[in-house]
There are 2 protein chains.
Amino acid sequence: MKKNKKVTSRIEKLCAENGVKFTHQRRIIAEVISNSDDHPDANEVYLRANKIDSRISLATVYRTIKLFEEYNVLNRIELGGKRARYEELNEDEHHDHLIDIDSGEIIEFVNEEIENLQMKVAKKLGYELVDHRMELFGKKILKKN
Amino acid sequence: MKKNKKVTSRIEKLCAENGVKFTHQRRIIAEVISNSDDHPDANEVYLRANKIDSRISLATVYRTIKLFEEYNVLNRIELGGKRARYEELNEDEHHDHLIDIDSGEIIEFVNEEIENLQMKVAKKLGYELVDHRMELFGKKILKKN
DNA sequence: CTATGTGCAAAGGGTTTGCAGGGGA
DNA sequence: TCCCCTGCAAACCCTTTGCACATAG
C-alpha cells in the first residue's frame, strides 16, 4: 500500500504553501512515517524519530502528527480507546483495515463495491457521504494439513 | 432500533446465571440505558442514573458498563479519541452508524449486502470475520425548494 | 454471614499545553 | 531579525483502581 515515497517533499511543499516552517524535526518525522509500513502509534514514531535524532520530543511528535493530519498526509486509526495509530495517506487511494484480533496486525484492503454501497446507504438516509471508517476484526483461518 | 424493552430482566437473568449480584445500582443503570435512544457517554449515563438515585457513582457506572459489555448487552461506540458512547445491544440485530458531521447526531442503519461483502473480503484475506466497525460520516442533503 | 459490589479519591495512560529559550526564512 | 517552533514538565481528560465500608443472596 506504500506507493508514494515522496511524502517528505510533498510535506515540504505543503509547509511552504501554508507559510509554515519545514523544520528539522518535521523532516525527520515525515521520513519516519514514510518509512513505516506498520501503522505505528505516536510513541513508536517518537522512538524511531528519536533514534535518528535525539533532539526530537514526544510533544513535537504529537504536534507534528496533528499538523500532518490537517494536511491529509497522515491518517489516524482509532482502536478502541487504546493508542491511536497512524499511516501515511496518499491522495488518490483509499483503503480500509482488517485487524488480526490475536496479533494486532493490520492488513489493508480496498473494496470498491462496499464503498459504492456506503454511498448508496448514505444517500438513502438523506446524506452526502463525506468520509467513512471501516474496520474488520478477524481471526486467521488455519489451513488444515 | 429499540426493540427489546426488557433489558432489565435480561440483565437480571444474566447476573443470576453468572453468579453476579443484581444490585440496586445495576438495575438503575440498566434502566437508564434501556430508556436512552441517543447513545449517551459514560458521564451522561452517570448523570441520568444519579438523577434517579444519588447513591450511584461514576466509578460504578464505568464498572457496570464494562460488565454489560461483557454480557453483550451494551455496545461501545468510539468516536475519534473523544468519550466513548454506548447503546443497548439486542441479540438478534446488528446495525451500523451514520454520523451527521454537523450536528453529531447518530443514525442507525442495517445493510446486509455490506455485511456479506465484509465477510467475503475477510475470507479472501484468510480470516474469519469476528466483528466489524463501520461508521459513515455524512452531511445532510438539503432539499431544493 | 461473607464474598461481591460500592463510593471516594487518588492513580493511570494517552494527549495537550504554557512557558521560556531556540532556530528557520 | 522576528516570529514560529521546540523541549520540558505540568496539566488535562477520560477511565481505572485500592481501600474500607455496605449489601445481596
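Each chain gets a letter, A, B and so on, in the order its sequence line appears, and its residues count up from 1. Remember, it's a predicted structure, so these values are computed and weren't measured experimentally.
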Student: Taking atom P of C/dG23 as reference, at what distance in whole Å does atom CG of A/D53 sit?
Tutor: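 One finds 11 Å between P of C/dG23 and CG of A/D53, rounded.
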
Student: Rounded to the Å, how far apart are B/F68 CZ and C/dG5 P?
Tutor: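 Interatomic distance, CZ of B/F68 to P of C/dG5: 12 Å.
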
Student: Taking the nucleotide of DNA chain C with the nearest heavy atom to each, does B/S54 or A/F22 sit closer to the 5' end?
Tutor: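 Upstream on the strand: B/S54.
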
Student: When the nearest nucleotide of DNA chain D is assigned to B/R63 and to B/L58 on a heavy-atom basis, which residue is associated with the more 5' position?
Tutor: B/L58

Student: Would you say C/dT16 has OP1 or OP2 under 4.0 Å from some side-chain N or O of A/Y62?
Tutor: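 So the side chain of A/Y62 is outside the cut-off, no N or O lying under 4.0 Å from OP1 or OP2 of C/dT16.
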
Student: State which of C/dA3, D/dC5, C/dT17 makes the closest approach to the side chain of B/K21.
Tutor: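 The closest nucleotide is C/dA3.
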
Student: Assign A/R26 to base, sugar-phosphate, or nothing according to its heavy-atom contacts below 4.0 angstrom with the strands shown.
Tutor: sugar-phosphate

Student: Does a side-chain N or O from B/T23 land closer than 4.0 Å to OP1 or OP2 of C/dT6, or not?
Tutor: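 For C/dT6, OP1/OP2 do have a side-chain N/O of B/T23 under 4.0 Å.
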
Student: Would you indicate whether the side-chain heavy atoms of B/E128 and A/K140 approach each other to under 4.5 Å?
Tutor: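 The answer is no, as the side chains (C-beta and beyond) never meet within the 4.5 Å cut-off.
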
Student: Starting at CZ of A/R76 and ending at P of C/dT16, how long is that distance when rounded to a whole Å?
Tutor: 6 Å

Student: How long is the span from the CD1 atom in B/I99 to the CZ atom in B/F137, to the nearest 0.5 Å?
Tutor: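 The CZ atom of B/F137 is 4.0 Å from CD1 of B/I99, to the nearest 0.5 Å.
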
Student: Look at the side-chain N and O atoms of B/K66 and state whether any lies under 4.0 Å from the OP1 or OP2 oxygen of D/dT16.
Tutor: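 B/K66 to D/dT16 OP1/OP2: side-chain N or O found under 4.0 Å.
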
Student: If we check side chain to side chain donor-acceptor pair (under 3.5 Å) with A/H39, which of these qualifies: A/E88, A/E108, A/R85, A/E44?
Tutor: A/E108

Student: Give a yes or no on this: more than 12 heavy atoms of other residues, nucleotides or ligands lie within 6.0 Å of atom CD of A/E112.
Tutor: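 Atom CD in A/E112 is not packed in, count stays at 12 or less.
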
Student: I need the NE2-C1' distance between A/H24 and D/dC4, as an integer number of Å.
Tutor: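 After rounding, the gap between these two atoms is 17 Å.
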
